[in-house]
Amino acid sequence: MRKKIVAGNWKMNKTFDEAQALVSEVVNMVQDEVNNDTEVVICPSFPFLSSVSKAINGNAKIQVGAQNCHQNESGAYTGEVSAGMLKSVGVSYVILGHSERRQYFQEDNQLLEAKVKAVLKQGLKPIFCIGESLEEREQDLTFKVLESQLKEGLFHVSNEEFAQVVIAYEPIWAIGTGKTATSQQAQEVHAFIREQIARNYDAQAAADTTILYGGSANPGNAKELFSQPDIDGGLIGGASLKSRDFVDIIKSF
Ligand code: PGA
């Protein structure tokens, strides 16, 4: 069954106290105001995962996600965090392949393939990000780029494992720029992604996969985006840092 998800990617923002304040606001507002069946995922920085998870206190509507993890299980990898560690502090989702990781930390499809495996091995759910640059879009390479990101980074997993995967389409030119893809542009790409899933797995897998849109989503445009048949929610950056905006986006279904 396809789920609706709104995930907040806090990126490298907030101090401990600010993170605590934000998560308790979100928890209270979701409790008081949200009566749809959307799953909410909060993705703070590593140091706050444990306390954010405690603040959520088993609220069934809200899950915790990490923004990255290492591909190995343990060992001499100074500064890194494994999927098993994330699981042990209450994490259930892990964002992988965000364009900022691809761009600033040289994460390529081959590395992401290993990270996807590591996350699934721990029983966690990857939120696998794909997206084209403005240049690629202008050169009509969008579908080609997305196809190779999916094929090389993700489509090696089994049917059973694939059922745990969430995909996020995030056009790089729309991230943090205030420039959102139109709902038609996003829908066109989401339909393409679903087609690729059908081709590599089967029609049922395609119908069941949650595909999120990300890139300058906000309370003003979420309704229109979420009304598209192949858009199942959002991966929200900037607007997830304000509880009011984030919860209004959750209520946009
Ligand atoms: P944005 O970021 O909503 O600030 O554009 C989205 C993301 O990078 O996940």
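Everything numeric in this text was worked out from a predicted model, so none of it was measured. Every heavy atom of this structure was used, including side-chain atoms; hydrogens, water molecules and symmetry mates were not. Numbering of residues begins at 1 and proceeds along the displayed sequence. Order of appearance sets the numbers: ligands from 1, and atoms from 1 within every ligand.
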Ligand 1 contacted by G214 (non-hydrogen, < 4.0 Å) = no

Option from H98, R102, Q71, R101 for which side chain to side chain donor-acceptor pair (under 3.5 Å) with E107 holds = R101

request  = Quick one: sort the Y201 and F155 rings into parallel, tilted or perpendicular, breaks at 30° and 60°.
outcome  = perpendicular

note = Near K11 (heavy-atom distance under 4.0 Å), the atoms of ligand 1 are 2 (O), 7 (C), 8 (O)

query = Is it the case that D17 and T15 place a side-chain donor and acceptor less than 3.5 Å from each other?
reply = no

inquiry  = Under a 4.0 angstrom heavy-atom cut-off, which atoms of ligand 1 come close to G215?
reply    = 5 (O)

task = Check whether the side chains of Y169 and E132 place a donor and an acceptor atom closer than 3.5 Å, and report yes or no.
result = yes

task = Classify the angle between the aromatic ring planes of F16 and F48 as parallel (below 30°), tilted (30 to 60°) or perpendicular (above 60°).
result = perpendicular

ask   = Are any of the N/O atoms in H98 less than 3.5 Å from those in ligand 1?
value = yes

message = Less than 4.5 Å apart, side chain to side chain, heavy atoms only: is that true for L86 and V81?
response = yes

request  = Check ligand 1 against N9 and write out every atom of the ligand that is under 4.0 Å from a heavy-atom position of the residue.
outcome  = 9 (O)

key: Residue part near ligand 1, for A174, under 4.0 Å between non-hydrogen atoms   = backbone

Between Q196 and N200: side-chain donor-acceptor atoms closer than 3.5 Å = no

message = So, regarding G238 and ligand 1 (criterion: nitrogen or oxygen to nitrogen or oxygen, under 3.5 Å), is there a contact or not?
response = yes

ask   = If you measure from atom 5 (O) of ligand 1 to every heavy atom of G176, C129, G237, G234, which option wins on shortest distance?
value = G176

request  = Give the residue and atom name of whichever protein heavy atom lies nearest to atom 7 (C) of ligand 1, and the separation in Å to one decimal.
outcome  = E170 OE2, 3.1 Å

